[in-house]
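Reading through the structure tokens given below for one structure.
Order of listing sets the numbers, starting from 1, for every ligand and every atom in it. Keep in mind that the numbers below use all heavy atoms, side chains included, and drop hydrogens, waters and symmetry copies. Bear in mind the structure is a predicted one, so any value in this text is a computation, not a measurement. All residue numbers in this chain count up from 1 along the given sequence.
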Amino acid sequence: MKKSLISIFSFILISFYTLSSCQQPAVIDEENVTRIVTTLASDEMEGRRMFSPGIEKASQFIQEEFEKIGLEYMDGLNSYDQQFDMYSLAPKSMSVSLNGKAVDAANVLATVNSERLDISNVADVNVMTVGANDDFRTAFNQARGAEGKTIVLINPAHQESFNRFRGFFSRGNRVMELDADNAMVMIISRLTSIKSLSVQVENTVTTESLSNVAGKISGNRANEYVLFSAHYDHLGIRGAEGDTIFNGANDDASGTTAVMTLAKYFKDMGTKPERTILFVAFTAEEGGGYGSRYFSQQLNPDEIVAMFNIEMIGKPAVSGPNTAWITGFDKSDFGTLLQKAVEGTEYEFYADPYPTQNLFYRSDNATLARLGVPAHSISTTPIDVDKDYHQASDEVSTLDLAHMTNTIKALAAAAERMISGEDTPTRVDPANVN
Ligand SMILES: [Zn+2]
């Protein structure tokens, strides 16, 4: 009798335990926020520079967290790792001759995004000339944007500008796609037309991979996405003395933490959302925006209803804690919808107070905005005076974690009506985006 009572009791206890452990309440708490941001900004992650072992660790950590949360993979992937290749091009050899006469390599600037360029026929190229009175920079941009293979004959009057550009472009290049069809070769020469030419350029090409970390919660509308994003890369290790690790606690471990805690929050709600929610940690924002560019090519941007790109929310804004600003406020009604959503709460959203800083263009949202997505960055850091921005001192100890937690809560509340399908921000007109 006694025994069976105990076993009934333990059965109830076990069932209660099982139930409560799989049905966690949906909360955004400071403890979890602190744990995640501290891990991402730890010295062990070595400042999360692209192509470094430190960023690998960060990626592993985010993936493990996504797994624990129970996010699904993005369509077409069998993990949270959205990996892609980058090509690093280093000049190896070059020989150019015009009308049968060899040209000194110091007078040649070649932009070739493939392993080799081999031209032996004038008919295969466009020839441009830049006269002594033409504007060098305009000519350069024109030639670079031209289709096909372009030879540019540059009057020696431009030698100085030419040398500067050559110094910059001969350091090599990194590209997402090799391109053997387009190339530009600039040559300092008094010639204004050519009868014959020979150009051979060789590059050493190295392939390296980069990874975004991406997960989703499927909604009833499989192809309508609300996207939360932040970049998890930072500047890595710099210098030789003192604190050499640029931890990037605010930039942008804070935003990445927001993406991760929002993922847990929406998943823990336990109900299928109306719209599908995507959670993405971008790589290489600091190194050229490659992560968001690759991401934007893996799905139809018309299907992204809204993009919350979260940047540097670890410090309170000048207008005080519990306020955040939105870049590109006038480019869609995204910001106005956010304002409405938190009306009557202690939180407030407003337009970016630093228009001269061009912040709308200084993060991954711009890549998606150019494709028409209502894609905005949300931030709280007084960027004009912040002394830790892009410094080794960007550490967790400088963050206001209560403010950061409140900001994430406000974002969760602000996104609710977009996720439920009740609100849909107007599209950005790509014509209004540089
Ligand atoms: Zn950033």
Please report the C-alpha distance between Arg116 and Asp118 in whole Å, then the side-chain angles of each, then the deciding distance to 0.1 Å, and finally whether the salt bridge (Lys or Arg N to Asp or Glu O under 4.0 Å) criterion is met.
CA-CA 6 Å; Arg116 55 184 304 123; Asp118 209 327; 3.4 Å; yes

Any donor-acceptor N/O pair, Asp252 side chain to Met312 backbone, under 3.5 Å
yes

Start with the C-alpha distance between Glu286 and Arg49, add both sets of side-chain angles, then the distance that settles side-chain contact (heavy atoms from CB on, under 4.5 Å), and finish with yes or no.
CA-CA 8 Å; Glu286 304 284 2; Arg49 190 180 56 80; over 6 Å; no

To make sure I understand the geometry: which N, O or S atom in Asp251 is closest to the Zn ion (ligand 1)?
OD1

Please check if the distance between the ring centroids of Phe360 and Phe329 is under 6.0 Å.
no

Specify whether an N/O/S atom of His234 falls short of 2.8 Å from the Zn ion (ligand 1).
no

With a cut-off of 2.8 Å, does Glu311 put an N/O/S atom close enough to the Zn ion (ligand 1)?
yes

